Chemist: 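First the structure, which I've put down as structure tokens, then a few questions once you've had a look.
Worth saying up front: this structure is predicted, and the values here are computed from it rather than measured. Numbered from 1 within each chain, the chains take letters A, B, ... in sequence-line order.
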There are 2 protein chains.
Amino acid sequence: MALRSEDHVHQFEAHLNDVIPGHSIDCVILGYHDNELKVLLLRRKGQDLWSLPGGFIRKSEDLDTAATRILEERTGLGSIFLQQFYTFGGQDRRSVSSKSEIAMLNNMLKQYPFKEPDKVSAFLRDRFITTGYFALVQLNKVSPQPDFMSSQCEWKSLKALPELILDHSHILQKAIAHVQTQLNYLPIGLSLLSKKFTMQDLQNLYEVLLNRSLDRGNFQRKMLALNILKRHEKQLTGKAHKAPYLYSFDVPRYNEKLKKGIGFSF
Amino acid sequence: MALRSEDHVHQFEAHLNDVIPGHSIDCVILGYHDNELKVLLLRRKGQDLWSLPGGFIRKSEDLDTAATRILEERTGLGSIFLQQFYTFGGQDRRSVSSKSEIAMLNNMLKQYPFKEPDKVSAFLRDRFITTGYFALVQLNKVSPQPDFMSSQCEWKSLKALPELILDHSHILQKAIAHVQTQLNYLPIGLSLLSKKFTMQDLQNLYEVLLNRSLDRGNFQRKMLALNILKRHEKQLTGKAHKAPYLYSFDVPRYNEKLKKGIGFSF
DNA sequence: ATTTAATGTGTCAGGTTGACACAATAAGAA
DNA sequence: TTCTTATTGTGTCAACCTGACACATTAAAT
């Protein structure tokens, strides 16, 4: 919820009044591009610190519903693969705690026409238990939107992460570990790749996630044997050799196989 | 925290004032006896409804610490295997919601010397997000202790569960499913069996958890090959045949193997 | 010595894995 | 048309695991 007008500020304030105090949601939104895993991060206004996209739970909202809403607010995307993975409850989880940070927050709040800035400040300074969700999205479909506390919203490579606030890098780690152990039961390919892809794309995605290389022949054989791929017309690459086939998933069959696990024991 | 005296009541009231509102913990405490999985349940005072042992998080307490404390309050056991598995945030999670239930609660509260019974009532009637933990314990080591809201604390077989409050049967289901999928990475044998056990005990435990029978020869071969068992003197059974060996775990080796998973793919 | 259950081991068919090899294919260049 | 090159489909093989079954050995109590 970016605040660009007085209306937005009042809307945000009303939102805080309608929300459960002391509990938040943080989303680890993962995408895949250029043979790399990326995560969507927000940059804190006036600081060189980044955070996971997060938000609060409305009093009339289920936890999952809130996570879906927050994801949509940051990415513009609905109906995305989203799953809860862990709840973090360290006693010291306050996003704003040092005197200088409190001053910075209060200062920032003054720049906006809040009706009760002190109340907003107190709310944001509280200890929060946060529930982590992770999402798998097609990178190119996302339109990143910063929120009230943030000045930028960007994809960052997992290989070169900036400094994160609080325990957010721990949350991120835990999400990645969770994805890795659950690999065979997550719609990795379907969620992270664009609609059409080559067999190499698919293999490379698995190699990045598993952090090891796989034998091409065996990978191909096994993927085709699953019977979840549709082959399409080749796309000409303009290069002097045979162009790779393009595939897409047969979604019903994909979901059917997913129940029993896709990916073997590699 | 059973309330047997005025002191206990005031202690409980002070506890509620020192605790995060709107967030609770529920524990699925699992034990194994007579070739059956059992779960520790509490019976609501004045009702034929049961609940999972639960509690609240102190403002100065980590989530995990609170779970450990609650587990200890109900079982008398410390240093037990305990792990978070999921957080439940349905919008309608109120343990006391219908008019008759509210009346029953207020009535019960009046029987105790609370300083601010209305406040206590309001606290308990709120919507709660709850984080589920599961524990694996040696059944015979536990001394079940009912809490303030409950009249009994008992082991119940998973095969014959009584009616549970709220979404507690859903929470229980989710815990069991989690245990089953994580089987190879959990200290099943070490936590659930008593110190010494026979190979049959161990096999039976796995059969119950996996819900299918296993081949004795293969099971034995594989377990012994792991090199995590110590064999002891046989215990004479008084029956007219060879008595089974007793085993215990070589704990350091057990934990070492556990990292890579104990249990193969069965 | 006999009975009985517990225990250790062998085997076999079927399946998977990882590693490597090789021939067929097709797009563009010469 | 022929050549170059990367893609693609398949084959093989040794190593290993699985499930199912078999069988001989061991030892406690009678």
Chemist: When the distance from CG of B:Leu246 to P of D:dA27 is rounded to whole Å, what number comes out?
Modeler: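 One finds 15 Å between P of D:dA27 and CG of B:Leu246, rounded.
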Chemist: Counting side-chain heavy atoms from CB outward, which of D:dC21, D:dT7, C:dT7 is closest to B:Pro244?
Modeler: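 Nearest to the side chain of B:Pro244 among the choices is C:dT7.
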Chemist: Mind calculating the distance between NE2 (A:His232) and P (D:dT8) to the nearest angstrom?
Modeler: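 Rounded to the whole Å, the gap is 14 Å.
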Chemist: Would a line drawn from the ring center of B:Phe88 to the ring center of B:His170 be shorter than 6.0 Å?
Modeler: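 Close enough - the centres of the two rings lie under 6.0 Å apart.
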Chemist: Please write out each protein N/O paired with an N/O of nucleotides 8-13 of chain C under 3.5 Å, distance rounded to 0.1 Å.
Modeler:
residue : atom : partner  : partner atom : Å
C:dG8   : OP1  : B:Arg231 : NH1          : 3.3
C:dG8   : OP1  : B:Arg231 : NH2          : 2.2
C:dG8   : OP2  : B:Gln220 : NE2          : 2.5
C:dG8   : O6   : B:Arg216 : NH2          : 2.9
C:dG10  : N7   : B:Arg221 : NH1          : 3.2
C:dG10  : O6   : B:Arg221 : NH2          : 3.0

Chemist: With a 4.5 Å cut-off on side-chain heavy atoms, are B:Asp26 and B:Pro53 touching?
Modeler: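 No - every pair of side-chain heavy atoms lies 4.5 Å or more apart.
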Chemist: Compute whether any side-chain donor of one residue and acceptor of the other, for B:Gln138 and B:Ser194, lie under 3.5 angstrom apart.
Modeler: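 Their side chains do not contain a donor-acceptor pair, so the 3.5 Å distance test is not met.
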Chemist: Tell me: CG of A:Leu229 to C1' of D:dT8, nearest whole Å?
Modeler: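 Spelled out: CG on A:Leu229 to C1' on D:dT8 is 14 Å.
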Chemist: Quickly work out the A:Leu214 CG to C:dG18 P distance and round it to whole Å.
Modeler: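 These atoms are roughly 8 Å apart.
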Chemist: How long is the line joining CE of B:Met223 and C1' of D:dT18, in whole Å?
Modeler: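 The answer, rounded to whole Å, is 15 Å.
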Chemist: Checking side-chain polar atoms at under 3.5 Å, does B:Tyr32 have a donor or acceptor matched by the opposite partner on B:Asp201?
Modeler: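 There is no such pair (donor and acceptor under 3.5 Å, judged by atom type) between the side chains of B:Tyr32 and B:Asp201.
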Chemist: Check whether any side-chain N or O of A:Lys222 sits under 4.0 Å from OP1 or OP2 of C:dT17, and answer yes or no.
Modeler: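 Yes, A:Lys222 has a side-chain N/O under 4.0 Å of OP1/OP2 on C:dT17.
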Chemist: D:dA6 P sits how many Å from A:Asn204 CG, rounded?
Modeler: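 Value for this atom pair: 17 Å.
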Chemist: Find the distance B:Gln203:CD to C:dA5:C1' and express it as a whole number of Å.
Modeler: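 The distance from CD of B:Gln203 to C1' of C:dA5 comes to 14 Å, rounded to the nearest Å.
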Chemist: Using a 6.0 Å distance limit plus a 45 degree cone around the ring axis, check whether A:Arg93 lies over the aromatic ring of A:Phe128.
Modeler: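 Verdict for A:Phe128: no cation-pi partner in A:Arg93.
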Chemist: In whole angstrom, what separates A:Phe219's CZ from C:dG18's P?
Modeler: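 From A:Phe219 CZ to C:dG18 P: 13 Å.
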Chemist: Please verify the inter-ring angle class for A:His23 with B:His23; under 30° counts as parallel, over 60° as perpendicular, anything in between as tilted.
Modeler: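 Aromatic pair A:His23/B:His23 classed parallel.
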